[in-house]
Amino acid sequence: MAYVPPHRSRGDYVPRDTGNSSSRGGFSGRGGFSSRGGFNRGSGGGNRAFGGSGFGRGNDSHRGGRGGHGSRFQPGLGSWTDGEHKPAEHNERLELELYGKPGDAQFQSSGINFDNYDEIPVEASGEDVPEPISEFTSPPLDPLLVENIKLARFNKPTPVQKYSVPIVANGRDLMACAQTGSGKTGGFLFPVLSESYKHGPVQNSQAENTFDRRKAHPTALVLAPTRELVSQIYEEARKFAYRSWVRPVVVYGGSEVYAQMEQLKQGCDLLVATPGRLNDLLERGKISLKNIKYLVLDEADRMLDMGFEIQIRNIIQGCDMPPPAERQTLMFSATFPKEIQMMAKDFLHNYIFLSVGRVGSTSENITQRILYVEDDEKKSSLLDILTATEETMSNGLTLIFVETKKMADILSDFLINQDFPATSIHGDRSQYERERALESFRSGRTPILVATAVAARGLDIPNVTHVINYDLPNDIDDYVHRIGRTGRAGNTGVATAFVNRGNKNVVKDLIEILSEANQEVPDFLTVIARENSMGRGRGRGGRNQTRDFRKYGGGGSSGGYGNGYGGRSNYGGGYNNSYGSGGGYNNYGSSAASASSSSSQWW
DNA sequence: AAAAAAG
């Protein structure tokens with residue numbers, strides 16, 4: 001466990017009467033993320049009793065009593081023996097830990113099913129797109145997985161899941177433009193686990209030499225950009241891998257590497273990792289990727305922004321991972337800029353392209369309020385808002401986004417001094433502090449969280465009723481992600497944003513988003529947009545693309561995409577045809593087209 | 001310009 005010297009431990013707000021911020025001596029609590037049950041935990045009732053079902057019989061058993069590797073009994077871990085899947089017996093204690101019980105935050109947060117999922121437009125393209133499924137049934141899913149899905153109370157597949165299951169079952173690759181909240185995690189975990197349960201570990205998984213034998217040989221690898229996200233994915237993986245032969249392990253930076261190495265030694269079939277730590281462990285010779293059958297890249301465009309590309313390419317192309325044709329690759333990305341198209345070309349093999357509409361912005365259960373606030377008035381405006389909403393949203397959580405780590409510190413200190421129960425999360429805090437802040441927020445102990453982009457995407461925190469964009473992001477897709485932290489699970493939410501002339505680069509996109517979601521567009525926004533478009537035409541060519549460029553042109557390697565507005569105006573049509581007015585999506589083409597024509601009127 | 005990620 002990462003030791004945090006007291007002087008580095010910044011002051012989180014602690015309610016006066018309890019003051020038990022870390023009674024468990026460390027990570028997480030219930031419903032939190034990270035190593036609960038993962039590395040670093042020692043036991044939790046784990047390593048006693050040898051009477052487990054179907055474990056270690058026969059000499060053809062995966063992890064079956066061969067020297068060293070994970071021969072220890074672990075509750076809830078099945079085996080692959082004599083070419084058959086032998087699920088472990090049920091374990092009540094573990095089920096309680098994994099799936100929670102009524103009343104737990106965890107219980108209500110899992111298994112959410114938005115009714116409006118059915119209205120999300122989806123478009124699949126590519127050769128021979130398999131027919132989507134409509135329910136979680138066996139077949140096509142493996143029966144054990146269906147059982148686990150029921151335990152986790154997922155009743156109905158989301159659009160991503162409907163497609164990803166048959167796509168992977170048919171041996172195909174997937175490039176999905178989908179955002180958090182679209183059921184992405186299940187979208188890759190379900191098919192990957194289901195197929196793994198059917199087919200078992202990779203044959204020949206045994207290494208030729210002793211050096212190789214000491215390494216972990218995962219069958220599936222999931223890469224994601226932030227530590228919190230991989231932790232969250234790992235926790236989901238534990239739910240759906242329950243009783244199966246698949247043992248999930250998570251590795252990420254900022255916490256003790258030796259504990260993670262120990263976990264790898266115990267057996268690792270599904271590895272969830274951030275790129276930095278994975279490269280570290282590859283260099284140390286602790287992991288071999290040559291048995292990888294399934295590779296998942298989550299939030300791929302996020303990883304671009306963060307300068308991950310070299311690391312990713314080293315993992316995928318610079319080590320011993322099988323080439324695209326010999327594995328199945330699933331890539332998820334909110335947007336589809338040229339760099340991602342290149343990655344898709346390099347990493348995927350004859351893939352199906354799936355585009356899933358926005359969940360956040362089109363849903364009208366988020367009320368978006370845009371306020372004109374100059375930078376030096378932001379603090380006092382924030383206080384006004386927090387005070388005003390204190391009573392009305394007394395049970396909810398408020399998430400405040402800022403642009404810089406420094407501002408996150410300043411603002412949370414300021415709020416704490418003003419007696420607001422706040423804490424902060426950003427990349428300069430220690431991993432322990434990050435996890436504790438998030439847990440404290442989740443649990444409602446500090447219902448105000450000031451965050452940088454580290455929390456913008458991917459994190460699923462139930463009960464966020466208010467998102468405040470103290471600083472507006474430069475990328476409108478980030479804005480959509482941020483406000484998508486609220487209004488989840490059919491609840492209503494409020495998203496407030498402070499805007500001034502420093503944000504003029506996004507106002508045009510912001511107006512589009514607001515109109516798509518049937519929200520009021522304040523006059524000052526239109527004014528700023530107009531000032532902006534007079535200066536220098538349209539910015540960087542409008543919003544990011546989420547289209548299958550193989551189908552809609554672009555073609556060549558250089559220049560790929562940008563055939564101007566003419567081409568883009570076709571986009572809306574494609575969506576309309578298959579899905580009627582699913583809401584919002586068909587604005588894509590038309591609004592881009594009208595933007596270019598109306599800008600000339602403004603002159 | 002800043003964010004994230006290996007230490």
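Order of the sequence lines sets the chain letters (A, B, ...), proteins ahead of strands, with each chain counted from 1. What's counted below: heavy atoms across the whole structure, side chains too, no hydrogens, waters or symmetry copies.
Note on ring orientation: taking the six-membered ring where Trp is involved, the planes of F498(A) and Y470(A) are tilted (angle from 30° to 60°).
OP1 or OP2 of dA5(B) sits under 4.0 Å from a side-chain N or O of R434(A). Not one side-chain nitrogen or oxygen of K406(A) sits closer than 4.0 Å to the OP1 or OP2 atom of dA3(B). Phosphate contact (OP1/OP2 of dA5(B), side-chain N/O of R302(A), threshold under 4.0 Å): absent. Contact annotation: T452(A) side-chain N/O to dA4(B) OP1/OP2 distance is under 4.0 Å. Look at T274(A) and you'll find a side-chain N or O under 4.0 angstrom from OP1 or OP2 of dA6(B).
R284(A) places its CZ atom 9 Å from the C1' atom of dG7(B), with the value rounded to the nearest Å. Going from atom CG of L304(A) over to atom P of dA5(B) covers 16 Å, rounded to whole Å. Protein atom CG of D428(A) is 10 Å distant from nucleotide atom C1' of dA4(B), rounded to whole Å. Atom pair R429(A):CZ and dA5(B):C1' shows a separation of 18 Å (rounding to whole Å applied). Rounded to an integer number of Å, the gap from R227(A) CZ to dA3(B) C1' is 13 Å. Spacing between atom CZ of R277(A) and atom C1' of dG7(B) amounts to 9 Å, rounded to whole angstrom units. Here dA5(B) presents its C1' atom at 14 Å from CD of E283(A), a figure rounded to the nearest Å. One atom, CG of D298(A), and another, P of dA5(B), lie 14 Å apart when rounded to the nearest Å.
Side-chain atoms of H466(A) and T496(A) form a donor-acceptor pair, as typed in the model, at a separation below 3.5 Å. Counted by atom type alone, T367(A) and R369(A) present zero donor-acceptor pairs between their side chains at under 3.5 Å.
For D280(A), whose side chain is taken as the heavy atoms from C-beta onward, the closest listed nucleotide among dA4(B), dA6(B), dA3(B) is dA6(B).
Side chains of R530(A) and V527(A) form no contact here, defined as non-hydrogen atoms less than 4.5 Å apart.
Contacts of N474(A) with the nucleic acid, taken as non-hydrogen atoms under 4.0 Å apart, include base atoms.
Salt-bridge check for E236(A) with K239(A): passed, with a basic side-chain N closer than 4.0 Å to an acidic carboxylate O.
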